[in-house]
Amino acid sequence: MPEQKQSVDELKNQSPQAEKNPCVSILLPLPFKDTYDYLVPASLPLIPGMIVTVEFGQRHLNGVVWSVGKTPDVPVSKLKYISGIVEGFSLSPENLEFLKWVSSYTMSPLGTILKMMMSVPEVFTPLKRPAPQRIFPAPDPSFNPPLLEPQQIEAVAFLKSQFSRGYSVTLLDGVTGSGKTEVYLEALKECFLKKQQILILLPQISLAPQIAQRFERRFGVSPTLWHSSLTKAQRRESWKQIHSGQAQAIIGARSSLFLPYANLGMIVVDEEHDPAYKQEEGVIYQARDLAVARAYLEKISCLLASATPSLETLYNCESEKYQRIQLKSRYGVAEIPAIQIIDLRQLSARKEKKYWISAPLATHLKETIAAGEQALIYLNRRGYAPLTLCGSCGTKLQCPYCSAWLVNHLKHGKFICHHCGHNVSVSKTCQECGAEESWVCCGPGVERIAEELAERFPSFRTTIISSDIIEDADAMAQIAEKIHNHDIDIIIGTQMIAKGHHFPNLTLVGIIDADLGLSGGDLRASEKTYQALHQVAGRAGREEKTGHVYLQTYAPEHPVLMSLLSGDRETFIAQEMESRERGDMPPFTRLASLIFSSRHREAVELTAQTFARNAPRSQDILVLGPSPAPLAVVRGKYRWRMLVQTPRTISIQSVIHQWMKQVKIPTNVKVKIDIDPYSFL
DNA sequence: AGCACGCCGACT
DNA sequence: GTCGGCGTGCTC
């Protein structure tokens, strides 16, 4: 870098009058919506996308050339010269377009999105001593072509035909075991023949090893993985090779959308319906939707794969924005095993000892284990009990920083807040009244189910699979191995277990609380519950062994459970679609959520109310709220929220943009905008 | 985001 | 008397 700086210094001295030297605007990877202007020696040709080093305040930063030859909007006396050019790096026009698109869609500052793209700032500073270069060999299209079935061949042919169209989106709708992965891997071959890059997006990175393995079997090389727990060196190397186009196959979670691809040829969004694609922290976005946008800007194909496509995607298929191809199950067996309902209302009428695992489910469990098979008990709730209170004074244990209960975790011996991570050791005495050993635990979590199993069936070997117990991919692999070796009879799992892993000897799935998730502030509650339960149910049996699924519920007549029972997805979708249309909800309208937060209670409330009073007056635009957010306090910050709804025909972003220009927001109140909100909490 | 500046409380 | 809290404002 010193020599680069020197060269700029020399060049600018050759043309001493600053006015003669052009001005460029530089976008910095900081949360600003505007660029900053710098001078550049006339003889240094800069073009947008180039990476330059500049002095910014006291700091030295790398930024990207945004535009050249403009008239500065501050007095020339304030302008500094750029310090140098970072050779060998540049963001392509497609990457810059994507950056702009994401910024305006999510209403986040350009610089914030740039920071996401320049997620490995170290790549721009040369290493002190050269690291051994990892090799990124090209995938071999003819390494190990699979034998495909007629319907797969047809699907591949369709996908190939899409490549000539430039931008296109196709939904690959196929049940588990119908060979979706083989189909899309085969379609990717076309990209490798053209030396293009491909991106496979996954909702969570724990699914990557399996896909990577299948990829390697097919193309003879391992793909480049991108996720948050890579080491510095790995990130550095992968980022560089993705930027240079050397790395051709990338498998990653949400954040891999923001990598600086050199020539992307196709994007696959696997499990497109998965709610994990929605990023809720920082810049709020739906990775599936951004993938479609990126495909549009790159003029390439996007493939969405799912066994239970989202309503949004189905809506786009119906309105012919997306193509749709379907794969039927290869084995001719039902898509998910027979599902039976256990009506807890009837059972609780009888005054038996209260267990979380009902008598019928317990019986089936015993039979399954006796038959030498394995079972899964599903409860999407971490810890021992979601709520603990003092039996003596009635105090409920609450997080001091959030309006949420503290969850008892036996594993850690702590009460933990699931929203901010705050935790306290489990003590014997109640802080409020001094009573000893007076805790009353309300409701079950996976740990409590494990305890009940140990008590009632001490001979069964059980394991919990939740994020508290399984902390990384290695731990998961170890547990999976134990299950495969039949060292485990019963798995007690949260949603972590719903995806990816298939255990051939697992024939029974018991769902402790099928109603969990059906209530609460989420417009997609029904859809999400349907998808989650469908996915969990799919863990039971497959191929030769028939599976059984038992759903414990207090609401057996709920449409979600009825359609799961009948296996009639079409009817469920139709009903759900109709109810969304009737309620003027997405995908029939657009929705945005505005979240006001501040440490000052009165300031948030006042700001939110002032904001609401200045709402655009149009009969098309509906504003709900403001009201204290369902989780009114998180991490010690007060939160109010507001919902905005507009017709699909207008840009909800511009409505909000205009609106915000009219209202002054005090600096101590932050506004977060969630376009297409999923969770209302 | 970082960093400086600035204005009020408890300490060597 | 100063050290340091974090509120406010600025960076081409």
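Residue numbers begin at 1 in each chain, while the letters A, B, ... track the order of the sequences.
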Requested in this report: Test A:Asp468 against A:Lys411 for salt bridge (charged side-chain N to carboxylate O under 4.0 Å, His left out), laying out the working first.
Outcome: CA-CA 8 Å; A:Asp468 300 290; A:Lys411 163 94 198 303; over 6 Å; no

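- Atom CG of A:Asn668 is separated from atom P of C:dG9 by 11 Å (rounded to the nearest Å).
- For A:Arg599, whose side chain is taken as the heavy atoms from C-beta onward, the closest listed nucleotide among C:dG7, B:dG2, C:dC12 is C:dG7.
- Rounded to an integer number of Å, the gap from A:Leu27 CG to C:dC12 P is 15 Å.
- Counting to the nearest Å, the C1' atom of B:dC3 and the CD atom of A:Gln58 are 7 Å from each other.
- A:Tyr36 has no side-chain polar atom (N or O) that falls below the 4.0 Å cut-off from OP1 or OP2 of C:dT11.
- When rounded to the nearest whole Å, the span between CD of A:Glu55 and P of B:dG2 equals 17 Å.
- When A:Arg639, A:His419, A:His422 are each tested for a side chain to side chain contact (heavy atoms under 4.5 Å, CB included) with A:Cys402, only one passes: A:His419.
- By the 4.0 Å N-to-carboxylate-O rule, A:Arg288 lies close enough to A:Glu272 to be salt-bridged with it.
- Among the atoms of the strands shown, only primed sugar atoms or phosphate atoms (P, OP1, OP2) are found under 4.0 Å from some heavy atom of A:Tyr38.
- Using a 4.0 Å cut-off between charged nitrogen and carboxylate oxygen, A:Lys78 and A:Asp73 do not count as a salt-bridge pair.
- Atom CZ in A:Phe32 sits roughly 12 Å away from atom P in C:dC10 (whole-Å rounding).
- If you measure from atom CZ of A:Phe56 to atom C1' of B:dA4, you get 14 Å, rounded to the nearest angstrom.
- Rounded to an integer number of Å, the gap from CG of A:Leu30 to P of C:dC10 is 17 Å.
- The side chain of A:Lys80 places an N or O atom within less than 4.0 Å of a non-bridging phosphate oxygen (OP1 or OP2) of C:dC12.
- Atom P of nucleotide C:dC12 and atom NZ of A:Lys78 are separated by 8 Å, given to the nearest angstrom.
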